[in-house]
**Student:** 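Please read through the structure below; I'll follow up with questions.
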Amino acid sequence: MRDAFDRGGPTPPAAEKARAVQRMFDAIAPRYDLLNHLLTLNIDRRWRRRAVDRLLTRAAGDAVLLDSCAGTMDLAAEVAGRDEFQGLVVALDFARAMLERGRHKAEGVPVRPLCADALRMPHANDTFGGAIVGFGVRNFADLEAGLRELTRVLRPGAPLVILELSVPVVPPLRWLYLLYFTRILPLIGRIVSRHGSAYSYLPASVQTFPPPDELRRLMEGAGLRNVEFERLMGGIAAIHRGVKPG
Ligand SMILES: C[S@@+](CC[C@H](N)C(=O)[O-])C[C@H]1O[C@@H](n2cnc3c(N)ncnc32)[C@H](O)[C@@H]1O
């Protein structure tokens, strides 16, 4: 499978890609939230709320939940701040600077930040009552291994919800989106983040990521059942959900 670091040469080893991703997010952490909301015109907040709705309709209100690739912990804080939720959210990310940046969001709510690799989580099988990943699986050095690892740590019957960007298929939205995404967004991202490549990596990683129906098949291949997805805003993003059988 091609990935966003693939420049036509030999595929870099997974560990090398993982280190590059980790370093990149550590570097852009100070501007990550600002750019997220700016570049999506705040629509990401609505997508996150929808994804959390999907998680909490299937997970028990007192469960221990996982926010994998939590970044600055927006999703973890959204879950933990819900009135119907009395459990605990483990917010896992391997970029320590991202977790540090979002630390204030974990204050006074049941969120426990954890600096760890989502492909090798330190948890036993069947630990979590549900898991959510927002804009994270696209960055996995090995997507299929990452999906298997997420499935491993879920308890039988627990849901996995994945919120991820995708490319709209229907013109003219597709053309407008690609114009914005490949020309305008990298420019704004470079100026605001002062990082040379992170916001060119973003569109490249979305364009090389499997489309929603393929991601559904990969989730099924990882052992999840009842996998379905909904496209958001004409396919700019998608929410997938599936359940670990048992
Ligand atoms: C685009 S950010 C998304 C952050 C957050 N979920 C959100 O909704 O804003 C992707 C995050 O995934 C993390 N990440 C990518 N691969 C990871 C891995 N293998 N283990 C842990 N974190 C990972 C990055 O460090 C980064 O913070």
Side-chain angles (χ1 to χ4, degrees), residues 3-5 12-40 42-52 54-55 65-80 89-103 105-106 111 113-123 131-150 152-153 160-166 181 185 189 193 195 197-206 209 232 237-240:
D3 66 45
F5 289 107
E16 205 179 295
K17 178 182 173 181
R19 267 196 304 279
V21 167
Q22 181 185 0
R23 272 200 303 271
M24 183 180 72
F25 281 103
D26 271 332
I28 65 171
R31 300 291 170 114
Y32 177 81
D33 280 349
L34 169 70
L35 270 164
N36 240 358
H37 304 321
L38 183 74
L39 293 171
T40 65
N42 255 337
I43 295 165
D44 65 305
R45 292 185 201 271
R46 205 186 317 153
W47 293 343
R48 284 173 214 279
R49 283 197 294 273
R50 175 89 70 103
V52 169
R54 299 294 179 255
L55 177 69
L65 302 181
L66 171 69
D67 175 11
S68 180
C69 302
T72 58
M73 295 189 281
D74 272 355
L75 280 170
E78 174 70 29
V79 173
V89 187
V90 173
L92 178 147
D93 202 288
F94 65 7
R96 192 175 291 279
M98 292 287 277
L99 293 172
E100 286 295 335
R101 194 71 198 173
R103 187 165 284 278
K105 300 176 200 167
V111 172
L114 174 67
C115 191
D117 188 345
L119 269 68
R120 278 180 299 275
M121 286 187 263
H123 305 95
I132 190 163
V133 196
F135 314 114
V137 295
R138 179 170 32 91
N139 302 290
F140 283 167
D142 182 336
L143 175 58
E144 287 163 86
L147 293 173
R148 282 196 301 273
E149 179 68 349
L150 280 160
R152 180 186 73 75
V153 297
L160 170 65
V161 172
I162 295 177
L163 169 62
E164 195 47 89
L165 295 170
S166 63
F181 213 52
L185 180 146
S193 73
H195 190 281
S197 59
Y199 287 86
S200 303
Y201 163 79
L202 169 63
S205 66
V206 174
F209 188 68
L232 307 176
I239 295 175
H240 285 71

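Order of appearance sets the numbers: ligands from 1, and atoms from 1 within every ligand. Values below: every heavy atom of this structure, side chains too, minus hydrogens, waters and symmetry copies.
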**Student:** Tabulate below the donor-acceptor pairs under 3.5 Å that side-chain atoms of residues 19-29 make, not counting sequence neighbours, or state none.
**Tutor:**
{"from": "Gln22", "atom 1": "NE2", "to": "Phe94", "atom 2": "O", "distance (Å)": "3.0"}
{"from": "Asp26", "atom 1": "OD1", "to": "Arg96", "atom 2": "N", "distance (Å)": "3.3"}
{"from": "Asp26", "atom 1": "OD1", "to": "Ala97", "atom 2": "N", "distance (Å)": "2.9"}

**Student:** For ligand 1, list every N/O pair with the protein closer than 3.5 Å, one pair per line with the distance.
**Tutor:**
{"from": "ligand 1", "atom 1": "6 (N)", "to": "Cys69", "atom 2": "O", "distance (Å)": "2.7"}
{"from": "ligand 1", "atom 1": "6 (N)", "to": "Gly134", "atom 2": "O", "distance (Å)": "2.8"}
{"from": "ligand 1", "atom 1": "8 (O)", "to": "Arg48", "atom 2": "NH1", "distance (Å)": "2.4"}
{"from": "ligand 1", "atom 1": "9 (O)", "to": "Tyr32", "atom 2": "OH", "distance (Å)": "2.7"}
{"from": "ligand 1", "atom 1": "9 (O)", "to": "Arg48", "atom 2": "NH1", "distance (Å)": "3.1"}
{"from": "ligand 1", "atom 1": "9 (O)", "to": "Arg48", "atom 2": "NH2", "distance (Å)": "3.4"}
{"from": "ligand 1", "atom 1": "19 (N)", "to": "Asp117", "atom 2": "OD1", "distance (Å)": "2.9"}
{"from": "ligand 1", "atom 1": "20 (N)", "to": "Asp117", "atom 2": "OD1", "distance (Å)": "3.4"}
{"from": "ligand 1", "atom 1": "20 (N)", "to": "Ala118", "atom 2": "N", "distance (Å)": "2.8"}
{"from": "ligand 1", "atom 1": "22 (N)", "to": "Phe94", "atom 2": "N", "distance (Å)": "3.2"}
{"from": "ligand 1", "atom 1": "25 (O)", "to": "Asp93", "atom 2": "OD1", "distance (Å)": "2.7"}
{"from": "ligand 1", "atom 1": "27 (O)", "to": "Asp93", "atom 2": "OD1", "distance (Å)": "3.3"}
{"from": "ligand 1", "atom 1": "27 (O)", "to": "Asp93", "atom 2": "OD2", "distance (Å)": "2.7"}

**Student:** Can you name the closest pair of heavy atoms from Asp44 and Asn36 and give their distance?
**Tutor:**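 For Asp44 and Asn36, the tightest heavy-atom pair comes out as OD1-O, 3.9 Å.
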**Student:** Please report the shortest heavy-atom distance between Met121 and Arg152, naming the atom on each side.
**Tutor:**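 That closest heavy-atom pairing would be O-NH2, 3.3 Å.
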**Student:** Of all heavy-atom pairs between Ala131 and Leu55, which one has the smallest distance, and what is that distance?
**Tutor:**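 For Ala131 and Leu55, the tightest heavy-atom pair comes out as O-CD1, 3.5 Å.
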**Student:** Using the side chain to side chain donor-acceptor pair (under 3.5 Å) criterion, which residues pair with Ser166? Sequence neighbours excluded.
**Tutor:**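 In terms of side chain to side chain donor-acceptor pair (under 3.5 Å), with neighbours along the sequence ignored, Ser166 is linked to no residue.
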**Student:** If the condition is ring pair (Phe, Tyr, Trp, His ring centres under 6.0 Å), which residues does Phe181 pass it with, not counting sequence neighbours?
**Tutor:**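 Partners of Phe181 by the ring pair (Phe, Tyr, Trp, His ring centres under 6.0 Å) criterion, ordered by chain and then number, come out as Tyr177.
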